[in-house]
Amino acid sequence: MKRLKEELIKISAMGRASNCSVNYYAQLDPKMGVTRPEGSSANKALRDFTVERMQAAGLLVRVDCVGNIIGRKDGSSKHDKAIMIGSHLDSVMNGGHLDGALGVFAGIEVLRRMGDEGFHHQRPIEVVAFTGEEGSAFVVGAMLGSAVLSGKMSPDEALSIRNMGGQTLDEVLTDMGYKGDCTYCVDHVDAFLELHIEQGPILDNEDIPVGIVEHITGITWLKSIITGFGNHAGTTPMHLRQDALVAAAAAIRFLNRRAHEMAKSVNSSVVGTTGHLNVYPNNINVIPGMVELGFDIRAASLESMQMLTTEAVTYLNGLGHENGIDVQVASPDVQGPVKLSEDIIGTIEASAVQAGVKFRRMASGAVHDAQNMASVARTGMIFVPSVKGVSHSPMEWTEVPWEELETDKSGPLSQTEDISGDFWPP
Ligand SMILES: [Zn+2]
């Protein structure tokens, strides 16, 4: 684990505003986060470092046509389907260094550890670093690399997406030297595992080091436009107003109250947020004539998510009957929850019991590459605690009990077998 610790410290400086590495929590600076969108020099530096570490661990490294990096170690049965482990290397603007990268480097460490302990695996094991999970450079497409690898998006579609500077993903990858020439054939993957920071407060609050993800929660975005009548704030008596913001405020409170109640009584994963609000004309001395409102509703169960969405739509439509307010509710944009493999959940649970590590089952409230991979392979996720539940922030941190883990026996694996076979069919 010393190797992994050194790697994580090294990558903590890549893309950090201070250029300094971070060894422990107290060194974090709320103004000095990590910025590694696809195409940045920090993203290229981390990609280069990842390839170097994969090769040093004896993996055969390939890059596919959308820049996914895949390192492979064959097992005794070379033609079996692979176990794939990994996550992403890109970050949000001013985020933390472990979001994504921890899962990639943990995958490399798994293979090194197997080598140290003389464990001979039968299946091929592949470590993957997906392109563009965060959508921080190519805002219209999050989880791009895993979307292509899992067949949800065509390579051409992904490569033609433009970043805010007008460059296509194709151009950005070519500039970084990470535009591979092959398409990965996902039929070769039997199972996918992703280790990731929790990005929420549950594990840290309960002092539990391992979360086993059962579901990645579904997301519904519900947009509406509330129209009243903009008028003078001083001359319009209270009983003659059509105030769109007052109506919106009632809807915001309704969503918050019902999400609280449903989380207590229906499904603990239910959350409801008003994250988007545009007020027109947004002048201090004018009664708001129009409000655009955006609700984000999530739950691990589709029924619960639908229930809260239906209630919110009914409430919004009901506002139209009061005080001459008009409400237009767009049809909800729904991404259903994803259930992860019970087989893999059981295996992780049994391993945690065997290792004497405390764990709990939980839902993931954030989306991850595992969500795409779950449609093509048995998929599991392990969460590790985020200190104070903070993520996408310079203060993002996970404590690792390194001292208890200093049990390395030898250096990295060496690759002895020829693995230049045809595992990537055209
Ligand atoms: Zn992530």
Side-chain angles (χ1 to χ4, degrees), residues 1-54 56-57 86-110 112-113 129 133-134 136-137 194-211 357-358 364-366 368 382-408 412:
M1 295 297 282
K2 198 169 156 217
R3 301 169 289 223
L4 179 58
K5 178 184 183 180
E6 284 166 2
E7 286 162 352
L8 295 179
I9 289 173
K10 186 158 183 182
I11 66 175
S12 70
M14 295 181 182
R16 191 172 295 278
S18 62
N19 278 325
C20 294
S21 61
V22 176
N23 296 15
Y24 49 89
Y25 183 76
Q27 287 179 322
L28 292 173
D29 179 333
K31 291 191 206 74
M32 301 281 183
V34 158
T35 301
R36 302 194 280 241
E38 293 298 344
S40 62
S41 56
N43 186 269
K44 176 174 164 41
L46 182 52
R47 282 173 171 271
D48 291 348
F49 183 56
T50 304
V51 169
E52 187 256 298
R53 293 284 83 200
M54 282 181 173
S87 192
H88 60 97
L89 298 175
D90 64 320
S91 80
V92 295
M93 305 298 181
N94 210 27
H97 68 283
L98 297 174
D99 181 347
L102 178 62
V104 176
F105 282 80
I108 299 171
E109 180 61 22
V110 163
R112 290 188 297 223
R113 192 62 177 259
E133 193 271 347
E134 297 286 6
S136 44
E194 181 170 11
L195 182 142
H196 203 280
I197 57 169
E198 182 201 336
Q199 302 186 272
I202 295 170
L203 295 174
D204 192 46
N205 261 345
E206 297 179 5
D207 199 20
I208 294 176
V210 167
V357 175
K358 255 170 62 176
S364 168
H368 296 287
I382 297 174
F383 274 170
V384 292
S386 294
V387 172
K388 300 188 171 105
V390 173
S391 77
H392 285 187
S393 151
M395 299 308 287
E396 190 173 282
W397 187 255
T398 296
E399 289 296 349
V400 183
W402 296 111
E403 286 67 31
E404 293 165 31
L405 299 169
E406 302 289 352
T407 53
D408 282 356

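The residues of the chain are indexed from 1 along the displayed sequence.
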Between [X] and [Y], which heavy-atom pair has the shortest distance, and what is it?
X: E38; Y: N43; value: OE1-OD1, 2.9 Å
X: S21; Y: I9; value: CB-O, 3.3 Å
X: I208; Y: P385; value: O-CG, 3.4 Å
X: V357; Y: P209; value: CG1-CG, 3.7 Å
X: S91; Y: G96; value: CB-O, 4.5 Å
X: G211; Y: L203; value: N-CD1, 3.7 Å

Flag, side chain of [X] to backbone of [Y], donor-acceptor distance under 3.5 Å:
X: S136; Y: M93; answer: no
X: D90; Y: P37; answer: no
X: D204; Y: K388; answer: yes
X: R16; Y: M32; answer: yes

The residue among R53, R3, K5, K2 that forms salt bridge (charged side-chain N to carboxylate O under 4.0 Å, His left out) with E109 is R3
To the closest 0.5 Å, what do you measure between [atom1] ([X]) and [atom2] ([Y])?
X: K44; Y: L89; atom1: NZ; atom2: CG; result: 13.0 Å
X: L102; Y: H88; atom1: CG; atom2: NE2; result: 10.0 Å
X: L195; Y: I382; atom1: CG; atom2: CD1; result: 5.5 Å
X: S386; Y: H196; atom1: OG; atom2: NE2; result: 9.0 Å
X: N94; Y: R36; atom1: CG; atom2: CZ; result: 12.0 Å
X: S18; Y: K31; atom1: OG; atom2: NZ; result: 12.0 Å

Do [X] and [Y] have side chains that get closer than 4.5 Å, going by heavy atoms?
X: W397; Y: V22; answer: yes
X: H392; Y: E134; answer: yes
X: H97; Y: K10; answer: no

Should the ring pair F105 and F49 be called parallel, tilted or perpendicular, given that the plane angle runs from 0 to 90° and is split at 30 and 60? parallel
Looking at R112 and E7, is any side-chain nitrogen of the basic one under 4.0 Å from a carboxylate oxygen of the acidic one? yes
Will you find, in the side chains of S87 and E194, an N or O donor that is under 3.5 Å from an N or O acceptor? yes
Worked check of side-chain contact (heavy atoms from CB on, under 4.5 Å) between E399 and Y24: CA-CA 8 Å; E399 289 296 349; Y24 49 89; 6.0 Å; no
